[in-house]
Amino acid sequence: MVTFQTKYFQLQQLANGVFAAIINRGSGCIANAAVINLGGQTVVWDTFQNPRAAEELRKFANLEFGEQPILVINSHNHLDHCGGNQVFKDCSILSTSKTREAMESLNTKVIESMKSQPDQSLEYTKLIEQETDINRRNERILQFEDYKEISDTIKNLQLTLPTLTFDQSMTLHGQNRTARLLCYGGGHSPSDLILHLEEEEILLIGDLITVGSHPLLRYGNVDEWLTILDKIESLPIKQILPGHGSVVGKEQIKVIRNYFSGLVELANQCVASGRTIEELQNVTVPQEYESWRLPHLYSSNLKDIYLLLQNKLQTQE
């Protein structure tokens with residue numbers, strides 16, 4: 001492995017020719033990425049939110065493998081996974097059909113909204129100054145650093161859509177290894193793609209798995225998410241690169257399944273007892289998740305499941 005340093009991410013070698021790019025908090029990257037050399041072909045998995053970080057990832061791929069990437073794969077449509085696509089305009093960019101549709105219809109609005117937002121630096125500074133808990137204060141500082149980097153790069157951010165699409169599965173054949181692309185539906189987003197290196201037992205999974213932070217359900221479906229996790233668990237896996245957090249083993253699938261199963265059970269109890277959605281705003285985060293980042297997502301996820309259950313009941317009536 002070549003010596004390569006950047007402020008945006010840390011490189012972790014998962015196997016010969018397979019590198020995870022784990023983001024540095026406060027760099028405006030937000031979500032992890034990866035580079036895979038199939039043998040005669042270099043593939044990039046996701047492109048961060050920050051195009052500057054994507055430029056660094058491309059630079060590393062060229063230095064490490066002596067060739068430019070020929071293919072970029074977007075796991076799903078959220079901007080923190082495809083914001084750097086513009087750096088790879090000369091490459092083929094691949095996603096599922098639904099992901100491309102969502103990028104075209106939703107990401108345009110997201111980018112326009114971000115570009116038109118007034119400066120929030122003063123608000124971040126006040127929150128940091130007012131925070132008395134050292135851990136929460138440090139978290140606020142990292143969020144502010146992310147905000148500053150994103151605000152600086154959003155001005156030149158260009159929506160760059162996939163040029164190739166498929167629906168359920170695809171196999172990439174290189175001289176040294178084979179990569180399987182699988183889509184079992186949409187749990188976290190309208191369409192969630194995973195990349196499986198079967199021989200190496202490595203899984204790149206996007207945001208279907210998070211480590212150390214609460215997953216985001218708002219744009220997905222909990223029933224599909226749980227079904228997808230069941231299907232993924234049958235694959236031979238030793239290492240998982242999540243969308244957010246460090247590389248983990250297969251056991252993290254069970255952790256996220258238990259998280260959502262617990263939320264579904266709690267939501268069922270809330271619906272049965274007649275609790276209103278407003279009463280769920282300040283629900284207590286269970287002890288096993290207290291240390292996870294983005295704790296506000298626990299009540300947000302609970303409310304989304306609550307509304308889903310209510311809609312099911314109304315449909316049955």
Side-chain angles (χ1 to χ4, degrees), residues 9 12 14 18-23 29-36 38 42-51 53-54 57 61 69 71-88 91-104 106-107 110 159-172 179-197 202-211 213 215-221 224-225 228-229 231-232 235 237 239-248 252-253 256:
F9 53 82
Q12 181 175 346
L14 306 184
V18 182
F19 294 89
I22 309 297
I23 63 116
C29 295
I30 311 301
N32 297 330
V35 179
I36 305 166
L38 301 176
T42 297
V43 175
V44 172
W45 170 262
D46 281 342
T47 61
F48 309 113
Q49 175 149 339
N50 189 340
L57 189 64
L71 180 67
V72 170
I73 303 169
N74 292 145
S75 62
H76 60 291
N77 69 292
H78 295 166
L79 195 60
D80 53 338
H81 295 260
C82 60
N85 277 11
Q86 66 192 61
V87 173
F88 301 94
C91 303
S92 295
I93 302 177
L94 176 68
S95 75
T96 66
S97 301
K98 285 187 177 180
T99 288
R100 190 187 190 282
E101 291 168 7
M103 287 173 66
E104 189 169 23
L106 301 176
N107 288 21
V110 170
L159 178 65
T160 305
L161 296 171
T163 55
L164 300 171
T165 60
F166 71 106
D167 290 318
Q168 293 181 326
S169 66
M170 176 182 287
T171 303
L172 305 177
R180 291 183 66 210
L181 300 174
L182 301 166
C183 180
Y184 294 125
H188 167 73
S189 73
S191 178
D192 294 301
L193 181 62
I194 64 173
L195 185 152
H196 187 221
L197 300 175
I202 294 171
L203 187 68
L204 313 186
I205 199 168
D207 286 356
L208 289 168
I209 294 290
T210 57
V211 177
S213 64
L216 173 67
L217 180 60
R218 176 56 51 87
Y219 308 105
N221 180 287
E224 285 201 41
W225 201 321
I228 292 168
L229 292 179
K231 291 179 179 178
I232 288 172
L235 300 173
I237 303 167
Q239 298 180 89
I240 295 176
L241 173 65
H244 304 271
S246 58
V247 174
V248 288
Q252 190 67 12
I253 297 174
I256 299 300

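Quick caveat, the model's predicted, so the values are computed rather than measured. The analysis underlying the following values was restricted to heavy atoms, covering all of them including side chains, and did not include hydrogens, waters or symmetry mates.
- Ring geometry, F9 versus F48: the interplanar angle falls under 30°, so the pair is classed parallel (tilted spans 30 to 60°).
- Considering only heavy atoms from C-beta on, H188 stays 4.5 Å or farther from P215 through its side chain.
- V211 and S246 get closest at one heavy-atom pair: CG2-O, 3.6 Å.
- Residues V247 and P242 come closest through the heavy atom pair CA-CD, 4.2 Å.
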Note to self: Checking L193 against H76 for the side chain to side chain contact (heavy atoms under 4.5 Å, CB included) test, could you report, in this order, the C-alpha distance in whole Å, the side-chain angles of both residues, the deciding distance, and whether it holds?
What the structure shows: CA-CA 6 Å; L193 181 62; H76 60 291; over 6 Å; no
Note to self: What verdict does the side chain to side chain contact (heavy atoms under 4.5 Å, CB included) test give for D46 and N32, after you've listed the backbone C-alpha separation in whole Å, the side-chain angles of each residue and the deciding distance to 0.1 Å?
What the structure shows: CA-CA 7 Å; D46 281 342; N32 297 330; over 6 Å; no
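- Contact of the T96 side chain with the E101 side chain is not registered, since no non-hydrogen atoms from C-beta on lie closer than 4.5 Å.
- In this structure, a donor-acceptor pair under 3.5 Å is present between the side chains of D207 and H244.
- Looking at heavy atoms from C-beta onward, L181 lies out of side-chain contact with I194 at the 4.5 angstrom threshold.
- Using a 4.5 Å heavy-atom threshold, the side chains of L235 and L182 count as touching.
- Side-chain contact between I36 and L204: present, with at least one pair of heavy atoms (C-beta onward) separated by less than 4.5 Å.
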Next item on the list: Could you give me the CA-CA distance, side-chain angles and deciding distance for T165 and T99, then say whether side chain to side chain contact (heavy atoms under 4.5 Å, CB included) is met?
Entry: CA-CA 9 Å; T165 60; T99 288; over 6 Å; no
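- Between I240 and I253 the shortest side-chain heavy-atom distance falls below 4.5 Å.
- The shortest non-hydrogen separation linking N77 to P190 is OD1-CD, 3.5 Å.
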Note to self: Using the rule given for side chain to side chain contact (heavy atoms under 4.5 Å, CB included), can you reason through F88 versus T160, listing the C-alpha separation, both sets of side-chain angles and the distance that settles it, and then say yes or no?
What the structure shows: CA-CA 9 Å; F88 301 94; T160 305; over 6 Å; no
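- Closest of all the heavy-atom pairs between A54 and T47 is CB-O, 3.7 Å.
- Rounding to the nearest 0.5 Å gives a distance of 10.0 Å between CG of L164 and CZ of R100.
- Going from atom CG of L161 over to atom CD1 of I93 covers 8.5 Å, rounded to the nearest 0.5 Å.
- The nearest pair of heavy atoms linking L217 to G187 is CD1-O, 4.1 Å.
- For P162 against N74, the heavy-atom pair with the smallest separation is CG-OD1, 3.9 Å.
- N50 places none of its side-chain heavy atoms less than 4.5 Å from the side chain of I23.
- For the atom pair CD of Q252 and OG1 of T210, the computed distance is 7.0 Å after rounding to the nearest 0.5 Å.
- Once rounded to the nearest 0.5 Å, the distance linking CG of L79 with CG of N107 reads 5.5 Å.
- In this structure, L172 CG and L94 CG are separated by 7.0 Å, a value rounded to the nearest 0.5 Å.
- Residues I73 and S95 have side chains not in contact (no heavy-atom distance under 4.5 Å, counting atoms from C-beta outward).
- Interatomic distance, CD of E224 versus OG of S191, reported as 9.5 Å (0.5 Å rounding).
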